[in-house]
Each structure stands twice: as C-alpha cells, then as structure tokens.
Amino acid sequence: MFICDSHAHWLPEEIVNNAHFFHKGWSDIQAHVQMMQAVGIAKTVLTYPTTDAYSKLGGHASVARIYNDSVAEIVRRYPRNFVGAAILPGGDSTGMMNELRRATQELGFKAISMASNYDNVYLD
C-alpha cells in the first residue's frame, strides 16, 4: 500500500523566526521523516502555510525565494519522501512569472501552492 500525505506544512527556520505564530517544530524535517516512517506514509507534499513573515523579510518575493530554495534542498536530500510545492510572490505578476520559471526550471518543482489571498486581495 502506498500512502501519500498530499497536504503537509513545513517552514524553514528563517521564516519561523520571522513569523508571528509558528514554532521551531515546523522546521524539523527529521522529526517529519520519523513521523512518516512511524505511521507508514510513503510520500508527503510539502506546502506553505500562509504567514506574516514577509513583513519582516522584505516582502513576498523574499519569502518565496527562501521557502523554495529550502524545500528544493529537502527534496534533493529526500527524493523518496517528499514532493515540494513552490510558492509565488503574489501581487507582482512579473515576480510571479520569474519565480515560477526559477522554481520549475532551476529548482525542479513540479507543483505550485498558492494562497487564496495576498494581503487580503483574493485571487478571484
């Protein structure tokens, strides 16, 4: 049997340290791997939980770069365990396209995770 967790949040420590309501446990990828093994999860899709870290880290583009680089490294280290879903800097169509290109062509992402809104501006 193949069990896939299709929606698991993970955050790099740099984002956790600059977000209002997250704990360092959100950055512990080793604990995540151990939990997966303990309960029989073969693969997990890592997704980004919306945070306010962008307000301290120079905006959405900076957070997208930090997150995408970090998740790409996890997927490289644990290709059997994780699929990464890249994030894009909302509110800036050129920045979004540039990060989409970088995430897919340079970092190898096959999935994108988008929030329902950016700064209370909804996608629809």
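Treat the numbers as computed from the prediction; the structure is a model and nothing was measured.
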For Val16 versus Ser27, what's the shortest heavy-atom pair and its separation?
CG2-OG, 3.3 Å
I'd like to know if Val45 and Leu88 are part of one continuous hydrophobic network [Ile/Leu/Val/Met/Phe/Trp/Tyr, side-chain heavy atoms within less than 4.5 Å].
no
I need the minimum non-hydrogen distance between Ala103 and Asn68, along with the two atoms involved.
CB-ND2, 4.4 Å
Correct closest heavy-atom pair for Ile112 and Ala85 would be C-CB, 4.2 Å
State, yes or no, whether a side-chain contact exists between Ile87 and Glu99 at a heavy-atom distance under 4.5 Å.
no
For the atom pair CG (Leu46) and OG (Ser6), what is the distance rounded to the nearest 0.5 Å?
11.5 Å
According to the interplanar angle, ranging from 0 to 90°, do the rings of Trp10 and Tyr67 count as parallel (below 30°), tilted (30 to 60°) or perpendicular (above 60°)?
tilted
Could you state the interatomic distance from CG (Asn17) to CG (Leu11), rounded to the nearest 0.5 Å?
10.5 Å
Decide whether Tyr78 and Gln30 meet the rule of one side-chain donor and one side-chain acceptor closer than 3.5 Å.
yes
Once rounded to the nearest 0.5 Å, what's the spacing between atom CG of Asp92 and atom CE of Met97?
11.5 Å
To the closest 0.5 Å, what do you measure between CG (Leu57) and CG (Asn18)?
4.0 Å
Please report the C-alpha distance between Glu106 and Arg101 in whole Å, then the side-chain angles of each, then the deciding distance to 0.1 Å, and finally whether the side-chain contact (heavy atoms from CB on, under 4.5 Å) criterion is met.
CA-CA 8 Å; Glu106 293 176 29; Arg101 201 171 294 110; over 6 Å; no
Can you see which heavy atom on Phe82 is nearest to which on His32, and at what distance?
CE2-CD2, 3.7 Å
Please say yes or no: joined through hydrophobic side-chain contacts below 4.5 Å, possibly via intermediate residues, are Phe109 and Ile74 part of one cluster?
yes
Would you confirm whether Asp52, through its side chain, and His20, through its main-chain N or O, come within 3.5 Å as a donor-acceptor pair?
yes
Using modelled atom types only, decide if a donor and an acceptor are shared between the side chain of Ser62 and the backbone of Gly59 within a distance under 3.5 Å.
no
Apply the test side-chain contact (heavy atoms from CB on, under 4.5 Å) to residues Glu73 and Asp69: give CA-CA distance (whole Å), side-chain angles for both, the deciding distance (0.1 Å), then the verdict.
CA-CA 6 Å; Glu73 178 58 31; Asp69 288 347; over 6 Å; no
If you round to the nearest 0.5 Å, how far is NE2 of His7 from OG1 of Thr47?
4.0 Å
Can any side-chain N or O of Thr104 pair as donor or acceptor with the backbone N or O of Leu100 at less than 3.5 Å?
yes
On a heavy-atom basis, the closest approach of Phe21 and Thr50 is CZ-O, 3.8 Å
Applying a strict under-4.5 Å side-chain criterion to I, L, V, M, F, W and Y, I'd like to know whether Met35 and Val75 cluster together.
yes
Going through the checks in order, is the side-chain contact (heavy atoms from CB on, under 4.5 Å) test met by Ile15 and Trp26?
CA-CA 10 Å; Ile15 292 176; Trp26 285 72; over 6 Å; no
Determine whether Thr44 and Asn81 make a side-chain contact, defined as any pair of heavy atoms from C-beta on separated by less than 4.5 Å.
no
Considering all heavy atoms of both residues, which atom of Ile66 and which atom of Ser70 are nearest to each other, and what is their separation?
O-OG, 2.8 Å
Are the side chains of Met96 and Met114 in contact, using a 4.5 Å heavy-atom criterion?
yes
With the side chain counted from C-beta on, respond yes when Asp5 and Met36 share a heavy-atom pair under 4.5 Å apart, and no when they do not.
no
